[in-house]
Amino acid sequence: MKARRSVLVASLLVVGAALPASAPVAASGGEHRRSPAIDQPLREHGQRVGLRIGTAVDMAAFNNDTEYRNRIAVEFSAVTAENVMKWGELERVQGQPDYTLADQLVASARANRQKVHGHTLLWHNQLPQWLTDGVTSGDIDAAELRALLRKHIFEVAGHFRGKIWHWDVVNEVIDDSGNLRDTIFLRLLGPGYIADAFRWAHQADPHAELYLNDYNLEFPGAKSDAYYALVQQLLAQRVPVDGLGAQGHLGIQFGLPSTLDTYNNLRRFELLGLEISFTEVDIRMILPTDQYRTQAQAQGFSGLLTACLLLERCEMFTFWGFTDKYNWVPGFFTDPPEGDATMLNEDFTPKPAYREMQAILALAA
Ligand code: G3I
């Protein structure tokens, strides 16, 4: 099936077929009735080509917005906790982890036949305040930090044992220059903390596939090359690394990677034996938006999805939110204001990006 989709998609690239972003308008002025084969939820299209289509889930929206919750069930076959599985959200009070919202998401995923992509066991952001304060004050030294990290990974991966498809074991551990990111973990524990995290996660849950996850891996460069060297080193040390997560956070103002650049950059990790997932795809723009920016966004989403379909072991294509009604971008990019980063409008109506991806998935089947 996957080989077949690669042939189909490769021919799409070769002939340069420009998929209609939306159905051609009939002579009568109304929109052509879309082929039922195309106008289906993304998860249904994905199932035909062995690809799980996912979304990050904002648990406040999940519990307060029925349409948001229902759309997740209909549209997606994988879910990622946007925040509630992060250390700072799980263990606000040291020694008193609260899994309520994370457990709710896992239970909902089970009911909706969705797989759970765990995010994330180790990140330098959203750490508990008591941890960062302790390191800053010196109360938590290197030995204590290593013990706390080991305890955290065993507790969290153990709590969800057997229920997590993939874990983002480490998130964003290399900077854009290709150096190991300067974090409290690197400073106090040395570069070996990465291998340790993977070994502890595998011991805690041997069922989970274990990922490195980062942004700006959608195109070649120093960062991608550094990850390639890191993966080779970890595999040589027989560290249990299974996959690479390319986050896919793009902005049209920076230009969009070519499909073949993305494919070639990630294909080399497959040749090392890794599976690939696109883990956090969104494509933001400087506001106000217009039809040209929205069309560029559609091309950006489609380019990443096409690269995924061309790869042999691309398992998951996950959006970092699916509606502009709930999205992290406006709160983080304010000058100039950015937003409109997802494939559905605030009222859940589709943008060209959504239609384009339905068509590409329909073609690939
Ligand atoms: O939970 C607290 C709440 O108690 C408090 O009242 C509130 C107001 O201060 O803040 C809440 O925490 C916020 C958290 O989201 C949960 O809503 C943080 O302030 C806010 O900074 C945090 O933003 C998240 C961001 O990661 C943190 O860097 C975004 O929602 C989330 O989408 C974003 O996701 C990251 C991925 O995890 C990793 N890849 C990049 C991606 C985008 O930055």
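Values reported hereafter were calculated over all heavy atoms of this structure, with side chains retained and with hydrogens, waters and symmetry mates removed. Whatever order the structure lists ligands and atoms in, that order sets their numbers, starting from 1. A quick note: this is a predicted structure, and the numbers were derived from the prediction, not measured.
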For ligand 1, is there an N or O atom under 3.5 Å from any N or O atom of Lys86?
-> yes
May I ask you to check whether Asp65 and Tyr326 show a side-chain donor-acceptor distance below 3.5 Å?
-> yes
Return the orientation label for the His119 and Trp123 ring planes: parallel under 30°, perpendicular over 60°, tilted otherwise.
-> tilted
Under 4.0 Å from atom 14 (C) of ligand 1, is there any protein heavy atom?
-> yes
Protein non-hydrogen atom found under 4.0 Å from atom 38 (C) of ligand 1 = yes
Given that the side chain starts at C-beta and the backbone is N, CA, C, O, which of these parts of Arg92 lies under 4.0 Å from ligand 1, counting heavy atoms, or is it both or neither?
-> side chain
Is it true that the side chains of Asn213 and Thr279 contain a donor and an acceptor less than 3.5 Å apart?
-> yes
Closest approach of any protein heavy atom to atom 12 (O) of ligand 1, naming residue and atom | Glu89 OE2, 3.8 Å
Provide the number and element of each atom of ligand 1 under 4.0 Å from a heavy atom of Gln247.
-> 39 (N), 40 (C)
Of all protein heavy atoms, the one nearest atom 32 (O) of ligand 1 is Glu82 OE2, 2.5 Å
By number and element, which atoms of ligand 1 are closer than 4.0 Å to a non-hydrogen atom of Asn171?
-> 38 (C)
Can you tell me if Trp123 has a non-hydrogen atom under 4.0 Å from ligand 1?
-> yes
From the candidates Met59, His119, Met85, the one that places a heavy atom nearest atom 36 (C) of ligand 1 | His119
Just jot down the ligand 1 atoms closer than 4.0 angstrom to any heavy atom of Glu172, in number order.
-> 38 (C), 39 (N), 40 (C)
At a 4.0 Å threshold, what atoms of ligand 1 neighbour a non-hydrogen atom of Trp328?
-> 32 (O), 42 (C), 43 (O)
